[in-house]
Amino acid sequence: MTANANGARRRRYVLAGVVAALGLVTGAILLEVLGTILFALTVAYVLLPVQGWLVRRGLSEWMSAIAATLIGFVGAVAVFSPLVLTLYFRIDEVIALVEEVPPEMPVTVFDVTYTIEAGEVQTLAVTFLRELAVSVVSSLPVLAIKFALFVILLFALLYKGDAAGRAAIAPVPHEYRDIVHALATRARETLYAIYVLQLATSLASLLIGYPLFRLLGYDMAFTLALFAAILQFVPIIGPSLLVAPIAFYHVAAGELAAAALVGVLGVGLVAWFPDVAVRPRLARRSAGLPGSLYFVGFTGGLFTLGAIGIVVGPLIVAVFVEAVDLLADEVNGNTTLEDFARPESETTAEPIEAEPGDSSDD
């Protein structure tokens with residue numbers, strides 16, 4: 001019996017190795033669309049509970065997969081289409097706004113005037129925007145194909161998600177599956193935080209920013225609000241990256257009242273208020289990853305993997321932190337840092353005092 005069990009286990013491991021090797025080869029072949037595949041995988045992982053909820057409400061697996069795919073499709077269109085349309089139709093207005101910034105901005109602080117040279121940064125920004133617009137326009141056919149691939153793959157993952165999950169966990173021995181479950185739970189919570197929480201706060205920034213910028217008299221109110229919504233995905237600093245330069249521009253132009261108005265209202269309502277009003281209502285299922293670690297994952301993933309790194313970077317960091325926590329719990333149990341600092345004699349168990357009436361002479 002033992003020989004049969006060992007043979008079956010060995011066969012399973014060999015098959016898992018074959019799958020891993022073929023996965024590496026497939027990834028190398030599909031390298032150009034790997035970002036699209038990863039994006040579809042993460043979105044499907046978030047939408048699987050939605051598909052399961054629809055099945056429990058009486059829909060067939062086919063119809064529930066279609067409905068969940070439609071939710072993912074609408075969400076992707078809502079996120080990416082405003083950015084693409086802005087770069088396609090209003091890029092000239094954005095460039096004109098950047099070109100209006102004076103190349104030299106004198107700033108007076110305590111009767112001392114400092115001159116900030118912004119001409120080189122302005123030239124780099126205009127060049128970047130022009131190249132980005134040309135790149136987006138020339139890549140539209142490829143983007144359309146990748147988007148179609150995203151939708152097809154999303155539906156396939158949702159429709160056969162249980163089978164894929166069982167195949168992924170099958171090679172793992174039973175005594176280690178609790179670790180896989182913990183890592184999978186942390187991954188799902190992190191993806192929920194990235195997609196649901198960030199998307200909700202971004203939408204709130206857009207809905208608040210548009211009327212605010214319009215009331216403040218900006219001609220490109222919707223474009224500014226859209227950029228603020230996109231910057232909401234940047235952890236910690238977020239839309240402040242947009243509000244601060246606008247306020248600084250007004251300071252350089254001597255419009256201190258306008259700078260204070262856009263600075264206070266922009267940071268308070270566009271950047272800060274969505275995190276206070278929206279995030280706590282949806283955060284019960286989030287991973288609770290510290291903002292500093294989220295920022296590290298965001299920047300590292302963005303610089304290493306490109307746009308998909310915005311999702312993959314924080315996800316890898318969160319799973320790594322969960323693995324470290326599991327290892328610490330496994331090795332140290334309930335031991336704290338204070339316990340490590342104590343002398344060994346103090347960490348040993350203290351003798352139990354005898355109860356009154358007990359006698360050791362008995």
J.: Hydrophobic clustering (ILVMFWY, side-chain heavy atoms < 4.5 Å, transitive) - are F155 and M63 grouped together?
T.: yes

J.: Examine I71 and V74 and state if one hydrophobic cluster contains both, with Ile, Leu, Val, Met, Phe, Trp and Tyr joined whenever side-chain heavy atoms are less than 4.5 Å apart.
T.: yes

J.: Quick check: are there more than 12 heavy atoms from other residues, nucleotides or ligands sitting under 6.0 Å from CZ of F273?
T.: no

J.: Measure the spacing between CG of L261 and CG of L215 and express it to the nearest 0.5 Å.
T.: 10.0 Å

J.: According to side-chain hydrogen bond (donor to acceptor under 3.5 Å, both in side chains), does anything in residues 227-239 pair up with another residue at least two apart or in another chain? List the pairs.
T.: S205-Q232

J.: Restricting to non-hydrogen atoms, name the atom on L154 and the atom on V43 that form the minimum distance, rounded to 0.1 Å.
T.: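 Where L154 meets V43 most closely, the heavy atoms are CD1-CG1, 4.0 Å.
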
J.: Which value, rounded to the nearest 0.5 Å, describes the distance between L149 atom CG and I37 atom CD1?
T.: 6.0 Å

J.: Kindly compute the distance separating CZ (F150) from CZ (F39), expressed to the nearest 0.5 Å.
T.: 4.5 Å

J.: Measure from the ring center of F147 to the ring center of F73 and say whether it is less than 6.0 Å.
T.: yes

J.: Partners of A225 by side chain to side chain contact (heavy atoms under 4.5 Å, CB included), sequence neighbours excluded?
T.: L206, Y210, F213

J.: Starting from I145 and following side-chain heavy-atom contacts under 4.5 Å between hydrophobic residues (I, L, V, M, F, W, Y), which residues can be reached?
T.: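 Via sub-4.5 Å side-chain contacts, I145 links to none.
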
J.: Under a single-linkage definition using a 4.5 Å side-chain heavy-atom cutoff for Ile, Leu, Val, Met, Phe, Trp and Tyr, are L231 and I310 assigned to the same hydrophobic cluster?
T.: yes

J.: When you group the ILVMFWY residues by side-chain heavy-atom contacts below 4.5 Å and let the links chain together, are L153 and V77 in the same group?
T.: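 In one cluster: yes.
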
J.: Can you name the closest pair of heavy atoms from A323 and L183 and give their distance?
T.: N-CD2, 3.9 Å

J.: Using the side-chain hydrogen bond (donor to acceptor under 3.5 Å, both in side chains) rule, collect all pairs that involve residues 297-314, keeping only residues at least two apart or in two chains.
T.: none

J.: Rounded to the nearest 0.5 Å, what's the gap from CD on E322 to CD on E189? Could you check?
T.: 8.0 Å

J.: Taking atom CD of Q51 and atom OH of Y159, what is their separation to the nearest 0.5 Å?
T.: 10.0 Å

J.: Nearest 0.5 Å, please: how far is CG in L315 from CZ in F298?
T.: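 Answer for the CZ-CG pair, F298 versus L315, is 14.5 Å.
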
J.: For the hydrophobic clusters of this structure (ILVMFWY residues joined by side-chain heavy atoms under 4.5 Å, transitively), does one cluster hold both Y218 and V267?
T.: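 No, it is not one cluster - the side chains of Y218 and V267 are not joined through contacts under 4.5 Å.
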
J.: Looking at V46 and Y192, what are the two nearest heavy atoms and their distance?
T.: CG2-N, 4.2 Å

J.: Any side-chain heavy-atom pair from L158 and I66 closer than 4.5 angstrom?
T.: no

J.: Supply the members, apart from L207, of the Ile/Leu/Val/Met/Phe/Trp/Tyr cluster built from side-chain contacts under 4.5 Å; use none for a lone residue.
T.: L203

J.: Quick one: side-chain hydrogen bond (donor to acceptor under 3.5 Å, both in side chains) partners of T42, sequence neighbours excluded?
T.: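 side-chain hydrogen bond (donor to acceptor under 3.5 Å, both in side chains) check on T42 returns Y195.
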
J.: For V55 versus S64, what's the shortest heavy-atom pair and its separation?
T.: CG2-OG, 3.1 Å

J.: Shortest non-hydrogen contact from P314 to T190?
T.: O-CG2, 3.9 Å

J.: Which atom names give the shortest non-hydrogen contact between L269 and P274, and what distance separates them?
T.: O-CD, 3.1 Å

